[in-house]
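Worksheet: one structure, shown below.
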Amino acid sequence: MSTVKTPSRQQDQGSPYDSLLARFNAAADIINLEDRYRQIISVPEKIISVNLPIKLDNGKVKVYQGYRVIHSTVLGPSKGGIRYARFVNEEEVKALAGWMTLKCAIVGLPYGGGKGGIIVDPSHRSEDELERLTRAYTRALKDVFGENSDIPAPDMGTSGREMAWIFHEYSRTFGHEPGVVTGKPLNLGGSKGRVAATGRGVMITALCAIEKMGLDPKKLSCAVQGFGNVGSWAARLLSQKGLKIVAISDVSGAYYNHDGLDVEAAISYAERNKGTLAGYSGGTKITNEALLELDVDVLVPAALEDQITDQNAANIKAKLIVEGANGPCSSSADKILDAKGIMIVPDILANAGGVTVSYLEWVQNRRGHYYTEEEINEKTDPVLTTAFEDVFNTHKEYNCSMRLAAYIVGIKRVANGIKMEGFY
Ligand code: GLU
């Protein structure tokens, strides 16, 4: 499901890349990371900027700017989605690419990290225009993409539709190579379970945290910010595990019901309503900001970066934050949230279910053998619970936050890879 308008980020002191670097350096300090690894990992390997002239439906030409950032290829081909949003910028794509490197390392995938983006509001463009834009982006990056070099996937504002265009456009030059992109529609070599995967990972890692906290999921209330692919699946699966979903939101605003919302009804409403909750009457309308500050047990920010900053962190009442989005808490909020004793399942762990099933899609494409949804879940769930345990044990070992522990796990694996490969 895609949102109708692209939402906006809260004002913050720094960019998402500043947040990444602040955490990276704090984690690197804890483990006394040698300077050579610090230098290598703190910058992307490659930044590609492309200008894409597109003929609009009205006959005029408009040039769109796009990016692909390859942060790291130490542990394998770079992997990461492509974002279509009006606020996309180079610093954001750099941060998202860096988070992919750490995310893939934390779940133990044989991948590095990358990310792409185009500055476009997809809600203002027709399907034909978006197809031309996606094909132009693919042509511009045809020598970067490849099943053994750089493998894109969906992210905010893109879905299986765009992945099918990328696959087709790439195949026109290089022949049938479905492993060049993941998140494809099922009948074009996509994987069962891929659409639900990120939300499912949020549910799995949330349950791991709830267990560590000694809480009963059936007694917990939960607010979910964002009702796109990640938020809606997370809300659905968490409610199936007994959590009471009291608030959901999208760009149209937030909807609150103290007695719990009917998540299935909300999902069907949004599906019938062009992907938006606008006009949804299952709850009282509140603001997106108010949703974050609700007196709930669990908060799932699943919208976009910098939603919880030093401006509102002191007002957060949840005991547990599970980051469905990438970078929803800025580094300026870290100390405040930590001081409040809030348990955080950080983005690079909480939302790693998506790329884990992307990896299984890539494996299936290369083997030409396809798994059932049950098999996908059987393979994915333990990957996420093991990653959670690794991060949790690191958090205990170094007596640091779960976020810094996740960075430590990721950084150590990448640094080890660099060390083993050697320098020449
Ligand atoms: N865009 C998703 C993420 O941020 C998925 C990436 C992928 O599957 O490669 O994790």
Side-chain angles (χ1 to χ4, degrees), residues 2 16 20 67-73 75-85 88 92-118 144-147 149-160 162-163 166-167 178-185 189-202 204-205 226 228-231 233-234 301-305 322-328 345-365 376 380 383-384 387 406 410:
S2 63
L20 182 151
Y67 303 96
R68 185 76 183 164
V69 175
I70 311 297
H71 176 262
S72 173
T73 54
L75 299 180
S78 47
K79 185 82 191 83
I82 299 169
R83 174 170 291 197
Y84 287 4
V88 161
E92 183 199 37
V93 184
K94 267 168 67 181
L96 291 162
W99 286 325
M100 285 310 301
T101 300
L102 297 172
K103 194 184 299 189
C104 292
I106 289 168
V107 282
L109 304 178
Y111 287 145
K115 200 83 172 199
I118 303 181
V144 174
F145 295 161
E147 66 171 9
S149 52
D150 180 46
I151 308 147
D155 196 78
M156 183 182 293
T158 59
S159 64
E162 286 74 17
M163 302 309 113
I166 292 174
F167 173 35
V180 69
V181 56
T182 62
K184 298 178 293 296
S191 177
K192 299 245 169 70
R194 178 62 186 86
V195 176
T198 312
R200 186 175 173 87
V202 168
I204 298 280
T205 55
N229 174 262
V230 182
W233 272 100
L304 75 170
E305 299 97 276
V322 189
E323 296 185 331
N326 290 307
V345 185
D347 46 8
I348 49 181
L349 169 62
N351 67 37
V355 73
T356 305
V357 177
S358 272
Y359 163 69
L360 293 172
E361 178 175 334
W362 180 77
V363 168
Q364 293 170 91
N365 293 154
I376 292 289
T380 308
V383 169
L384 296 171

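Count residues from 1 along the sequence. We count ligands from 1, going down the list as the structure has it; atoms in each ligand are counted the same way. Keep in mind that this is a model prediction, so the values were computed, not measured.
Neither the backbone nor the side chain of P152 comes within 4.0 Å of ligand 1, counting heavy atoms alone.
Under the 4.5 Å side-chain criterion, counting only non-hydrogen atoms from C-beta, N351 is not in contact with E323. In this structure, K79 and T182 have side chains that are in contact, with non-hydrogen atoms separated by less than 4.5 Å. The side-chain heavy atoms of I376 and S191, taken from C-beta on, include a pair separated by under 4.5 Å. Residues H71 and M100 have side chains not in contact (no heavy-atom distance under 4.5 Å, counting atoms from C-beta outward). Between V181 and F145 the shortest side-chain heavy-atom distance does not fall below 4.5 Å.
Atom 9 (O) of ligand 1 has K79 NZ, 2.8 Å as its closest protein atom, hydrogens excluded (heavy atom only). Nearest protein neighbour of atom 8 (O) of ligand 1, counting heavy atoms only, is S358 OG, 2.6 Å. Given atom 7 (C) of ligand 1, the protein heavy atom at minimum distance is A153 CB, 3.3 Å. Of all protein heavy atoms, the one lying nearest to atom 5 (C) of ligand 1 is R194 NH2, 3.5 Å.
At distances below 3.5 Å, at least one donor-acceptor pair connects side-chain atoms of S78 with backbone N or O atoms of S149.
When the heavy-atom distances from atom 6 (C) of ligand 1 to M100, K115, E361 are ranked, the shortest goes to M100.
Atoms of ligand 1 lying under 4.0 Å from at least one heavy atom of K103, given by number and element, are 3 (C), 4 (O), 10 (O). The N326 neighbourhood of ligand 1 comprises atoms 4 (O), with distances under 4.0 Å to a heavy atom of that residue.
Residues A105 and L75 approach most closely at CB-CD1, 3.9 Å, considering heavy atoms.
A352 does not count as a contact of ligand 1, since none of its heavy atoms falls under 4.0 Å from the ligand. Remark: distances from the non-hydrogen atoms of M156 to ligand 1 are all 4.0 Å or more. At least one heavy atom of G80 sits under 4.0 Å from some atom of ligand 1.
To the nearest 0.5 Å, the span separating CH2 on W362 from CD on E147 amounts to 7.5 Å.
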